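First the structure, in the form of structure tokens, and then the observations on it.
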Amino acid sequence: MSSNATSPVREFEYKAEMKQLLDLIVHSLYTHPEIFLRELISNASDALGKARFRMLSSDEGLDRSGDLKITITVDKESGNFVIEDTGIGMSEEELIANLGTVAKSGTLGFMEALKEQQTDGQRLDANLIGQFGVGFYSVFMVTDEVTVETKSIESGSQGWRWKSSGQGSYTIEPAEREVRGTRISFTLKEEFKEFAEEYRVEQVIKKYSNFVEYPICIGTRQINSMTALWQRPKSELKEEEVNEFYKFIANDFKDPLDYLHVSVEGAVSFKALLFIPSEAPMELLYNQGALEKRGPQLYVKKVLIQNECRDLLPEYLRFVSGVVDTEDLSLNVSRELVQASPVMAKIKQILTSKLLGWFDTLAREQPEKFRTFYKAFGTIIKIGLNTDYTNRDKIIDLLRFETTKTAEGEYVTLKQYSERMAEGQTEIYFHSGNSRSQMLVHPNLEYFKKRDIEVLLLSDPVDVFVIPSIFEYDKKPLKSIEKAEIDTSTVEPEGERLGAEGTVGVISLFKEVLGDRIADVVESKRLVSSPVTLVSGKDAMDSQFEKMMKMMSKDADMPASKKILEVNTAHPIIRNLAGKYAVGLSTDPVVRAAVTQLFESALLLEGDLESVADYVSRMNELVEAATRS
């Protein structure tokens with residue numbers, strides 16, 4: 001760095017790599033040119049905050065004139081842009097230190113590390129670039145030369161002018177300035193003249209800086225009219241303004257279902273205002289990866305840093321909208337990425353716990369509101385069972401189920417189910433299917449209905465992936481009714497069972513006719529009024545789980561696993577077939593067609609029947625045979 005002592009204008013030379021560094025900042029660290037305005041407003045807001053602190057903590061020696069505010073003036077004809085604050089201002093030494101940050105030692109190392117990370121495609125190292133306060137230099141994305149005029153808050157201070165084209169040097173000279181604060185002026189490049197339009201500047205302010213606590217004015221008109229609601233005590237919040245705030249940040253036209261106000265002070269300090277939408281956004285219903293891109297807005301000192309910050313909440317809670325504002329978080333140079341910080345991890349941990357506790361409170365104190373919430377977001381909540389093991393028990397307590405004893409649309413918890421289990425019942429039973437109506441008529445429920453045992457009805461597609469992973473609740477195993485152990489002494493079928501010889505014969509008949517279409521044929525202990533049913537083997541996949549896996553498989557021709565066919569030896573049809581077999585009619589076409597039809601009827605109930613046409617044709621043949629004189 002060199003200076004010219006004979007002139008009031010002093011010129012300072014940047015280090016040789018300055019131009020290259022500015023090129024990296026402009027083209028690599030910022031994704032949108034509008035960011036320059038966010039950075040300038042952020043710096044102005046910081047300066048106003050420092051001025052306010054000095055005024056509150058010092059009694060004398062300060063320039064206290066004028067209001068604390070930010071004023072922007074634009075001229076669309078000339079492309080001139082001016083942003084001015086009445087903040088703390090800078091002395092000559094501070095001007096050199098603050099706007100010459102990138103010229104201090106270590107810049108070359110920063111550049112080399114940055115270029116190396118870009119070459120390797122790595123995420124920018126926040127611990128490195130966070131040491132350099134170069135957000136100001138984003139202005140060189142939109143202009144070729146910048147002038148900064150400033151005057152310190154200290155009474156009697158000299159005003160100073162800083163000027164640079166962002167190339168090899170900058171100049172500093174005394175300036176006539178009456179008021180404290182900083183004025184930054186420049187002419188926009190032709191391709192960025194849009195930022196000389198008041199409406200465009202207003203858009204950027206409302207997008208990024210709407211909740212800066214100081215007035216931001218274009219001329220005499222204040223733009224950031226909304227206050228930072230999350231900074232106010234909950235007792236001062238009005239429902240109408242909270243609803244309007246939600247609609248603004250969530251781009252929703254409906255009021256939220258509810259909101260949570262959070263204020264935490266301790267190891268980390270932050271405030272948050274979080275919302276449950278009244279219904280699930282369309283993209284969450286139809287786009288499997290939508291949650292990966294969602295998250296609350298992240299503010300630092302009321303300045304928007306990330307519009308959708310995925311690091312604030314686990315994936316299964318990212319349907320929650322809102323704002324989180326902290327002063328504890330370190331930022332990287334461009335504010336485009338949040339630094340990998342233990343503060344973020346702590347905030348995420350606290351927010352997750354707060355939200356799950358809030359949902360539980362809604363369930364206890366506002367059950368109808370919780371029902372609406374669960375209907376919209378219950379499927380997403382369940383994802384946490386297999387991803388958030390720390391809060392697994394809390395998530396399990398939030399789960400709700402329809403059962404064979406609830407009306408449609410009514411739910412119970414696992415705790416409620418457990419407390420009202422039948423005498424002698426040691427397991428929690430569930431049944432999976434496409435719909436409640438389909439599940440309620442399934443033959444596999446007959447045993448449980450006869451014994452008045454409640455069964456959970458799982459019709460949500462995600463259930464088959466997450467519910468079996470619970471394994472047990474309150475030391476009671478969760479069991480699919482397909483695999484439940486049946487106590488034959490407690491339920492008798494409707495009719496007299498076949499004897500041992502007849503049972504062996506009819507099972508042989510079914511095995512002979514069906515061949516390798518089945519894994520086995522056994523006498524059923526669960527059937528009461530139906531002739532046959534299909535079940536999975538003890539170590540096989542649940543039927544509904546297998547269907548979901550097949551739907552998700554890229555191999556559309558993935559064969560279904562073979563099931564076990566259970567036959568009710570007390571049913572008249574089975575007894576009749578046993579009689580036909582006993583008299584040597586096992587090869588009779590009608591007998592064999594009847595066996596096939598029973599098997600395919602079971603497939604039809606499972607939703608696995610491949611050829612409905614063949615099934616109907618065979619049924620007609622059987623009806624014809626039955627009505628033949």
Side-chain angles (χ1 to χ4, degrees), residues 277 279-294 314-319 359 370-388 392 395-404 406-414 417 428-442 444-445 455-471 473 478-484 534-536 540-561 563 603-610:
E279 56 187 34
M282 296 296 287
E283 66 266 23
L284 295 188
L285 298 176
Y286 299 108
N287 184 351
Q288 189 174 5
L291 284 172
E292 296 178 7
K293 302 175 183 178
R294 291 176 63 92
E315 186 173 347
Y316 71 96
L317 293 178
R318 289 187 196 151
F319 61 86
F359 299 156
F370 181 83
R371 186 196 304 271
T372 302
F373 157 73
Y374 193 80
K375 186 176 181 180
F377 302 106
T379 296
I380 301 173
I381 290 287
K382 292 172 188 175
I383 296 172
L385 286 172
N386 290 340
T387 58
D388 185 358
R392 186 174 169 85
I395 298 171
I396 289 174
D397 287 337
L398 291 174
L399 299 180
R400 298 294 188 271
F401 304 92
E402 287 190 34
T403 79
T404 50
T406 64
E408 187 171 359
E410 293 185 1
Y411 302 93
V412 300
T413 64
L414 286 177
Y417 178 102
I428 297 172
Y429 301 110
F430 64 86
H431 182 32
S432 304
N434 295 327
S435 68
R436 176 186 175 92
S437 58
Q438 178 203 49
M439 287 184 282
L440 287 176
V441 297
H442 199 285
N444 288 350
L445 273 178
V455 176
L456 305 177
L457 300 176
L458 310 183
S459 58
D460 187 341
V462 76
D463 285 340
V464 296
F465 296 102
V466 297
I467 302 305
S469 70
I470 297 177
F471 297 116
Y473 178 82
L478 270 70
K479 278 269 183 87
S480 167
I481 61 171
E482 286 189 26
K483 302 179 180 181
L534 287 166
V535 298
S536 300
M541 289 187 289
D542 178 84
S543 298
Q544 193 69 9
F545 181 81
E546 183 180 340
K547 287 180 196 173
M548 294 301 300
M549 291 298 293
K550 188 173 182 180
M551 287 174 60
M552 296 170 59
S553 173
K554 295 180 181 179
D555 181 9
D557 298 324
M558 184 179 76
S561 63
K563 302 293 178 62
L603 286 177
L604 180 64
L605 285 174
E606 294 291 329
D608 293 331
L609 182 61
E610 294 182 357

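Only a predicted model underlies this, so the values are computations on that prediction, with no experimental measurement involved. Along the sequence shown, the residues carry numbers beginning at 1. FYI, side chains are in, hydrogens and waters are out, and symmetry mates aren't considered; it's all heavy atoms of this structure.
Between Glu482 and His431, the side chains place no donor N or O within less than 3.5 Å of an acceptor N or O (distance only, hydrogens not considered).
Tyr374 and Tyr411 have perpendicular rings, their planes meeting at more than 60° on a 0 to 90° scale where under 30° would count as parallel.
How far CD1 of Ile396 is from OG1 of Thr413: 12.0 Å, rounded to the nearest 0.5 Å. To the nearest 0.5 angstrom, Ile395 atom CD1 is 5.5 Å from Leu385 atom CG. For the atom pair CG of Leu458 and OG1 of Thr403, the computed distance is 11.0 Å after rounding to the nearest 0.5 Å. Interatomic distance, Gln438 CD to Glu606 CD, rounded to the nearest 0.5 Å: 8.0 Å. With rounding to the nearest 0.5 angstrom, the CD1 atom of Ile481 is 4.0 Å from the CG atom of Leu445. Here the straight-line distance linking atom OH of Tyr429 with atom CG of Leu456 works out to 11.5 Å at 0.5 Å rounding.
Side-chain contact between Leu317 and Asp388: absent, with no pair of heavy atoms (C-beta onward) separated by less than 4.5 Å. Ile381 is not listed as a side-chain neighbour of Arg400, based on a closest heavy-atom distance of 4.5 Å or more. Within the 4.5 Å cutoff, the side chain of Phe373 has no heavy atoms near those of the Leu398 side chain. By the 4.5 Å heavy-atom criterion applied to side chains, Leu399 and Ile467 are counted as neighbours.
Gly433 and Met439 get closest at one heavy-atom pair: N-SD, 3.3 Å. Ile380 approaches Phe319 most closely through the heavy-atom pair CG2-CD2, 3.9 Å. Between Phe430 and Leu478 the shortest heavy-atom distance is CE2-C, 4.0 Å. The shortest heavy-atom contact between Glu408 and Glu402 is CA-OE1, 3.7 Å. In this structure, Thr387 and Ile383 approach most closely via the heavy-atom pair OG1-O, 3.1 Å. Looking at every heavy atom in both residues, Tyr417 comes nearest to Ile428 through CE2-CG2, 3.5 Å.
For the side chain to side chain contact (heavy atoms under 4.5 Å, CB included) test, residues two or more places apart in sequence or in another chain that qualify with Ser437 are Ser435. Every residue meeting the side-chain hydrogen bond (donor to acceptor under 3.5 Å, both in side chains) condition with Thr379, not counting sequence neighbours, appears here in chain and number order: Asp460.
A side-chain donor-acceptor contact under 3.5 Å links Arg371 to the backbone of Gly409. Remark: the backbone N or O of Val455 is paired with a side-chain donor or acceptor of Thr404 at under 3.5 angstrom.
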